[in-house]
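One structure is given below, encoded as structure tokens.
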Amino acid sequence: MLNLIRELWFLKRDIVSDDFDRALYRLAEEVPMTIHEYPTGEPCWTWRVPEKWACHEAYLETLDGRRLLDYADHPLHAVSYSLPFEGVVSREELLRHLHVHPRQPDAIPFVFKYYERDWGLCASQNLRESLNDESYRVVIRSSFEPGTLKVGEVVVPGQSEETFVIVAHLCHPAMVNDDLSGVVVALDVARVLGGHSGRPQPGGHVGRPQHYTYRFLILPETIGSVAYLSHHEGMVPKMVGGLFLEMLGNDSPHALQGSFQPGSQPDRCFNTALRHLDPQGYSGAYRTIIDNDERQFNAPGVRVPMLSLSRVQAPKASGLPPYPEYHSSLDTPEIVTQERLEASRDVVLGLLQAW
Ligand SMILES: [Zn+2]
């Protein structure tokens with residue numbers, strides 16, 4: 001898992017992008033995967049698939065040509081889905097478009113404007129505070145063109161068509177705990193359930209078919225879930241439960257967030273099982289810990305009871321970030337360990353065994 005993370009983490013995995021595709025095709029070499037494609041402009045219920053975005057070059061310079069930041073050094077320096085822009089701007093205007101991290105003075109923040117149509121760069125607070133000139137030169141050479149949004153699906157068939165869905169997103173450029181950690185844990189669970197790992201399956205029966213069918217979805221956050229669900233409406237009634245995975249490599253106990261239906265079978269089962277699987281772990285109600293694709297699965301008209309498992313350090317009401325390096329250039333392979341990823345994989349397998 002950590003080797004895969006080291007290989008893929010620095011890719012510019014914007015929601016519809018060449019590097020997202022590169023990462024997904026690489027993951028498809030690990031487990032048998034079907035890749036669904038949804039073209040730009042395709043209606044997905046009330047949403048539409050956005051264009052493929054690429055940033056070819058982006059930098060900020062003083063007027064005498066001293067380069068202050070460069071997209072070539074780090075993909076977070078450009079706002080994901082930034083409009084192209086080129087020109088000399090006043091310091092005031094620059095500051096309206098130059099984003100910094102709210103808590104980490106040395107880090108570059110992760111900022112995305114998928115549907116807002118604005119230009120923007122990202123820098124450390126320290127760099128922003130050093131800007132004293134009257135004007136600066138901005139270059140953002142980005143392009144929007146037709147492409148396809150991709151969703152990777154791994155199916156471990158069971159005796160029943162009743163399906164349990166496990167979801168992780170892959171669309172966070174050059175970050176690890178959020179979101180690659182959930183992806184590699186999900187695929188390792190798929191390998192175990194599919195009998196490709198030589199490890200016993202939950203229940204200890206190597207190679208014996210499960211009762212439930214397990215479906216793993218690797219996708220760009222939110223729009224990927226909407227695209228998949230809107231094109232598989234007939235499958236929704238068969239989805240009897242689900243689990244969203246991310247932030248599984250940092251050093252906090254497991255956090256289990258309930259579904260919109262707290263009395264559902266998976267909610268009751270997982271809450272009981274977590275007490276045994278991670279005695280330090282804690283549970284919280286729907287939308288009190290972290291928000292991800294489980295929202296689309298729990299949404300009106302879908303209503304799949306999908307929980308989420310993460311290592312968020314405290315519920316949202318605490319005011320703390322999910323973990324200190326969240327949505328910043330400090331979310332690197334250094335903050336996750338193979339041991340913690342394996343422990344999380346075993347918690348997921350334990351939850352499924354209880355289920
Ligand atoms: Zn995120």
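Computed from a prediction, not measured in an experiment: that's the story for all the values here.
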inquiry  = Which residues pass the side-chain contact (heavy atoms from CB on, under 4.5 Å) test with E51, not counting sequence neighbours?
reply    =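 Here the qualifying residues are T40, R117, F144.
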task = Hey, could you give me each pair passing side chain to side chain donor-acceptor pair (under 3.5 Å) that has a residue in residues 16-37? Not counting sequence neighbours.
result =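 Listed once each, the pairs are E7-R26, D18-K52, D19-R22, D21-K150, R26-E29, R26-E30, E30-R191, H36-E153, E37-T148.
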Quick one: does [X]'s side chain have a donor or acceptor within less than 3.5 Å of a partner on [Y]'s backbone?
X: R345; Y: V185; answer: no
X: R13; Y: L180; answer: no
X: E246; Y: S310; answer: no
X: H101; Y: Q104; answer: yes
X: S259; Y: P305; answer: no
X: D178; Y: M247; answer: no
X: R137; Y: E61; answer: no
X: D267; Y: G258; answer: no
X: R141; Y: H56; answer: no
X: S142; Y: S82; answer: yes

Are [X] and [Y] in one and the same hydrophobic cluster, where Ile, Leu, Val, Met, Phe, Trp and Tyr link if side-chain heavy atoms are under 4.5 Å apart?
X: F297; Y: I289; answer: no
X: L245; Y: V154; answer: yes
X: V348; Y: L277; answer: yes
X: V189; Y: L4; answer: yes
X: M175; Y: L341; answer: no

key: Whether W53 and Y71 hold their rings parallel, tilted or perpendicular, with breakpoints at 30° and 60°   =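 Perpendicular: the ring planes of W53 and Y71 meet at over 60°.
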inquiry  = Other residues, nucleotides and ligands only: do more than 12 of their heavy atoms fall within 6.0 Å of CD on E161?
reply    = no
query = Does atom CZ of F260 have more than 12 heavy-atom neighbours from other groups under 6.0 Å away?
reply = no
task = Identify, with sequence neighbours excluded, every residue that meets side-chain hydrogen bond (donor to acceptor under 3.5 Å, both in side chains) alongside E145.
result = none
Supply the atom-to-atom distance [X] [atom1] to [Y] [atom2], rounded to the nearest 0.5 angstrom.
X: N126; Y: D106; atom1: CG; atom2: CG; result: 5.0 Å
X: H74; Y: S124; atom1: NE2; atom2: OG; result: 12.0 Å
X: I108; Y: L330; atom1: CD1; atom2: CG; result: 9.0 Å
X: N292; Y: S225; atom1: CG; atom2: OG; result: 9.0 Å
X: R128; Y: H99; atom1: CZ; atom2: NE2; result: 10.0 Å
X: T163; Y: Y214; atom1: OG1; atom2: OH; result: 10.0 Å

Heavy-atom closest contact ([X] atom, [Y] atom, distance):
X: V167; Y: M306; value: CG2-CE, 3.5 Å
X: P266; Y: V240; value: CG-O, 3.9 Å
X: L121; Y: A58; value: CD2-CB, 4.2 Å
X: G152; Y: L24; value: N-CD2, 3.8 Å
X: L98; Y: A123; value: CD1-CB, 3.9 Å
X: S252; Y: R311; value: O-NH1, 2.8 Å

Exercise: do [X] and [Y] side chains pair donor with acceptor under 3.5 Å:
X: S283; Y: N271; value: yes
X: W355; Y: Q210; value: no
X: E92; Y: S90; value: no

task = Output, in order, the C-alpha distance, side-chain angles, deciding distance and verdict of side-chain contact (heavy atoms from CB on, under 4.5 Å) for F20 and L170.
result = CA-CA 7 Å; F20 181 97; L170 181 64; 3.6 Å; yes
Would you say the side chain of [Y] lies within less than 4.5 Å of the side chain of [X], judging by non-hydrogen atoms?
X: V16; Y: P220; answer: no
X: D293; Y: H169; answer: yes
X: I15; Y: L149; answer: no
X: Y286; Y: E294; answer: yes
X: R6; Y: N3; answer: yes

key: Stepwise side-chain contact (heavy atoms from CB on, under 4.5 Å) test for D188 and E342   = CA-CA 9 Å; D188 222 45; E342 286 177 7; 5.8 Å; no
ask   = Could E162 and K238 be called an ion pair, given the rule that one side-chain N must be under 4.0 Å from one carboxylate O?
value = no
inquiry  = Given Y81, which partner from the list Y115, F112, Y114 fulfils the ring pair (Phe, Tyr, Trp, His ring centres under 6.0 Å) test?
reply    =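 Per the ring pair (Phe, Tyr, Trp, His ring centres under 6.0 Å) rule, the option paired with Y81 is Y114, out of Y115, F112, Y114.
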message = Go through it in stages, so that I can follow the logic: the residues are H77 and Y59, the test is ring pair (Phe, Tyr, Trp, His ring centres under 6.0 Å), and I'd like the CA-CA distance, side-chain angles, deciding distance and then a yes or no.
response = CA-CA 8 Å; H77 275 312; Y59 54 84; over 10 Å; no
